[in-house]
Amino acid sequence: MVGERSAPLVLSRHVLMLGVVLIVLAPVYWMLMIGLKTESEFSQIPPTIWPQEFTLEWFEAVVGKRGFGEQIMNSIIIAAIATSIAITVGSLAAYGLSRFQLPWGLNYHILFFILTVRMFPQTVTVVPLFIFFTQIGLIDTHLGMGLVHSMLELPLAVWMMLGFFRDIPRDLEEAAMVDGDHWLGAFRKVIIPLVRPGLAATSILILIASWNEFLFALILTRTEAQTLPIAVANQITQFDILYGRMMAASAISIVPVLIFTLLVQRNLIRGLTLGGVSGA
Amino acid sequence: MLNVLRRRSGGDVRAIAKTPWWETHLRFFFIAPSMVLLAVLAVFPAIMSWRMAFSRVTFKLGELAIEPIGFSNFTKAFSDNLIIGSTVRTAVWVLVVVSVEIVVGLFIAFLMSKLHSRARMVFTAALIIPLVLPPVSVGAGWLVMMDVNFGVLNYLLSLVGIEPQLWLADDRTALPSIMLIDIWQSSMFVFILMYAGILSLPQDPYEAAAIDGASPWQIFRDVTIPLLRPTFVVVLLLRTLDAARIADRMLAMTRGGPGSSTETVTLSIYKYAFIHFNFGYASALSVMFQVVLIILATFYIRRILRT
């Protein structure tokens, strides 16, 4: 498609896209830089594009005593619980749905049902969950929050893994089973190695979703299991906003996501399209 | 070879005889954990919401009291100006945000498909970045950029001779300001889906159009757009439903203010439930909202699964 056009036209397209990318990334760059500037510098006009004087005072304030150390740990623990549950349970379902035909057209209905759950208004589940969790003591706990996030991300896990399992030819498994292996052996030796990249990509997307989630965490946690987004939001609604501190906290929540995204970018497209809802 | 022979000579019969009951029903065990998880954490709560919707609910010190009161929570909603306002505002939000995102996303996807493959990889990796960032953290970042006194946006406006804006502090510009943030983040989602759709288009119709001497615009309008229809439906489904449920940006940045200028349906329900502790009324609003969303979703999903 590229070669058939004249060189100036092709060049101008690349320059145009470079402009788009720079505009899109500029806010991210700006946010990360504010956290590194001194107070007098980030409130000066005209603003400086590159910090004149780097400071780590905001980051020290954020991770130090009375900082966000606990919330960062909470976010990590909850994301780990949510990811391990959702990926295990979701992969099992996806494998089952990709390999077995259930009676009464259940395969179709289950996939439809799982998509529908993803479309529920948050309030329809979170209000009763608040009541149950208060009654059985799961409110403001890592386990409770992890379970809720695993429920929220299960549709993503099932649909995305379904795409990966469907890509594996059934002949491969059947060959392994003909060689005398039990289905479980075939699963372990043939299927798991082949879907490993898919498992990694799906896990990281669940991890990011749990790390970013705000509304359920706001309602279902108070102090013990409070997550990082809640801590960042609390900075915003304070009467006396400390921009530097707030931006350092934001940066701490942004950087791990950036790293993970670059790790799985190749498989990310599939995850974001819910594992090929289009049936592709 | 031996294995095959062994299986053929009655091995299968022996295998069936030895197979424990759970292994013959194996296919159900794969999906069971998912169904349990969704039943306990999504379906059961949703049923509970439906019950509370027809009740007066009090929940104090862990004691739950549910007293049936018929439809009064529902009738109340239709004369609640706050909810009517939120509904209109949410509808406007969905229309504006989704249509702008589709235009921007489609433009970037189309442009991307015309680039060299090396450049595509780098640019796509860069454009994914805003999409995965925590909405609350980027909200905080935009809040600083939208600062009335020293925010970079007002500085950029001053360079082109536009007077400073109040952004989130003015009830006329607050919602458009949050729309801008949403468009910045979620257009990249539309781009990814559209881009994947464009890359998987068949080549034959293009060759036929080229032979017929069609102009680039005609090809775009009469070949690309119709072929992309399945992708459009997926994008519309996912974006419409996510946009309709928006609350986290407003909750973190403005709490629905100034006034109620950025209050959406989900945010209003949140306030009724967790600020006024009126669980019955909040549930009635939730289930009505759920019905609307399920009708919308079913409409789209049936189209998707059919293709």
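Here the shortest heavy-atom pairing between M246(A) and A140(B) reads CE-O, 3.5 Å. Closest approach of L37(B) to L147(A), counting heavy atoms only: CD1-CD2, 4.3 Å. Closest approach of M17(A) to I108(B), counting heavy atoms only: CE-O, 3.4 Å.
Looking at L228(A), there are no atoms closer than 4.5 Å to chain B (heavy atoms on both sides), in backbone or side chain. Of the two parts of L154(A), only the side chain, counted from C-beta on, holds a non-hydrogen atom closer than 4.5 Å to a non-hydrogen atom of chain B. Proximity to chain B (any heavy atom under 4.5 Å) is shown, for T88(A), by neither the backbone nor the side chain. Looking at I208(A), only its side chain comes within 4.5 Å of chain B, counting heavy atoms on both sides. Looking at F133(A), only its side chain comes within 4.5 Å of chain B, counting heavy atoms on both sides. Proximity to chain A (any heavy atom under 4.5 Å) is restricted, for L241(B), to the side chain, taken from C-beta onward. For I294(B), the part lying under 4.5 angstrom from a heavy atom of chain A is the side chain only. Using a 4.5 Å cut-off between heavy atoms, V21(A) contacts chain B through both its backbone and its side chain. Of the two parts of I34(A), only the side chain, counted from C-beta on, holds a non-hydrogen atom closer than 4.5 Å to a non-hydrogen atom of chain B. With a 4.5 angstrom heavy-atom cutoff, R255(B) touches chain A only via side-chain atoms. For M151(A), the parts lying under 4.5 angstrom from a heavy atom of chain B are both the backbone and the side chain. Heavy atoms closer than 4.5 Å to chain B are found in the side chain of I110(A), but not in its backbone. Residue contact with chain A, scored on non-hydrogen atoms closer than 4.5 Å, involves the backbone and the side chain of A46(B) alike. Heavy atoms of L293(B) lying under 4.5 Å from chain A belong exclusively to its side chain. Only the side chain of A273(B) comes within less than 4.5 Å of a heavy atom in chain A; its backbone stays farther off. Residue contact with chain A, scored on non-hydrogen atoms closer than 4.5 Å, is absent for V122(B).
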* To do: Run the numbers on I219(A) and Y270(B) for side-chain contact (heavy atoms from CB on, under 4.5 Å), then give the verdict.
  => CA-CA 9 Å; I219(A) 294 165; Y270(B) 165 81; 3.6 Å; yes
* Steps toward side-chain contact (heavy atoms from CB on, under 4.5 Å) verdict (M119(A), Y300(B)) -> CA-CA 12 Å; M119(A) 311 297 176; Y300(B) 286 125; over 6 Å; no
* **Criterion side-chain contact (heavy atoms from CB on, under 4.5 Å) on V132(B) and F260(A), from CA distance to verdict** => CA-CA 10 Å; V132(B) 292; F260(A) 279 135; over 6 Å; no
* To do: Mind running side-chain contact (heavy atoms from CB on, under 4.5 Å) on I131(A) and M52(B) for me, showing each step along the way?
  => CA-CA 12 Å; I131(A) 295 172; M52(B) 291 196 296; 3.7 Å; yes
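Taking the six-membered ring for Trp and thresholds of 30 and 60 degrees, F132(A) and F44(B) have nearly parallel ring planes, at less than 30 degrees apart. Aromatic ring pairs are classed by plane angle as parallel below 30°, tilted from 30° to 60° and perpendicular above 60°; the pair F274(B) and F130(A) is perpendicular.
Per-residue counts of heavy-atom pairs under 4.5 Å with chain B were compared for I85(A), I23(A), V89(A); the largest is that of V89(A). Put simply, of V235(B), L111(B), I269(B), V36(B), the one with the most heavy-atom pairs under 4.5 Å next to chain A is L111(B). Between chain B and the options P47(A), P229(A), P27(A), the largest number of non-hydrogen pairs under 4.5 Å is found for P27(A). In terms of non-hydrogen atom pairs under 4.5 Å with chain A, the most contact-rich of Y155(B), F289(B), F107(B), F279(B) is Y155(B). The candidate with the highest count of non-hydrogen atom pairs below 4.5 Å against chain B, out of I252(A), L18(A), V126(A), is L18(A). Comparing P121(A), G96(A), G90(A) by how many heavy-atom pairs each has under 4.5 Å with chain B, the most go to P121(A). Ranked by non-hydrogen atom pairs under 4.5 Å with chain A, the options L143(B), V292(B), V136(B) are led by V136(B). Your options are V287(B), L159(B), N149(B), D147(B), and the one with the most heavy-atom pairs under 4.5 Å with chain A is D147(B). Of the listed residues (P33(B), A126(B), S34(B)), the greatest number of heavy-atom pairs within a distance under 4.5 Å of chain A belongs to S34(B). Ranked by heavy-atom pairs under 4.5 Å with chain B, the list L129(A), L111(A), V158(A), V117(A) is led by L129(A). Between chain B and the options L102(A), L97(A), T116(A), heavy-atom pairs under 4.5 Å are most frequent for L102(A).
Proximity of a side-chain donor or acceptor of R245(B) to a complementary backbone N or O of F120(A) within less than 3.5 Å is detected. Remark: the backbone N or O of H116(B) is paired with a side-chain donor or acceptor of H14(A) at under 3.5 angstrom. Using a distance-only test at 3.5 Å, with no hydrogens or angles considered, a donor-acceptor pair links the side chain of W184(B) to the main chain of V24(A). A distance-only check finds no donor-acceptor pair linking the side chain of S253(A) to the backbone of S137(B) [under 3.5 Å]. Remark: side-chain polar atoms of S49(B) are paired, donor with acceptor, to backbone N or O of V124(A) under 3.5 angstrom. Proximity of a side-chain donor or acceptor of D248(B) to a complementary backbone N or O of E213(A) within less than 3.5 Å is not detected.
Going from atom CE of M31(A) over to atom CH2 of W142(B) covers 6.5 Å, rounded to the nearest 0.5 Å. In this structure, CG on L133(B) lies 10.0 Å from OG on S250(A), to the nearest 0.5 angstrom. Taking CZ of R118(A) as the reference point, atom CG of L237(B) lies at 8.0 Å (rounded to 0.5 Å). Atom CD1 of I31(B) sits about 8.5 Å away from atom CD1 of I114(A), to the nearest 0.5 Å. Expressed to the nearest 0.5 Å, how far CD1 of I128(B) lies from CG of L258(A) amounts to 12.0 Å. Rounded to the nearest 0.5 angstrom, L106(A) CG and M35(B) CE are separated by 9.0 Å.
Residues Y272(B) and T123(A) fail the side-chain proximity criterion, which asks for heavy atoms closer than 4.5 Å. For the pair F29(B)/L92(A), no side-chain contact is recorded, criterion being any heavy-atom separation below 4.5 Å from C-beta on.
Heavy atoms from other residues, nucleotides or ligands lying under 6.0 Å from CZ of R51(B) number 12 at most. The environment of I49(A) atom CD1 is sparse: at most 12 non-hydrogen atoms of other residues, nucleotides or ligands sit within 6.0 angstrom.
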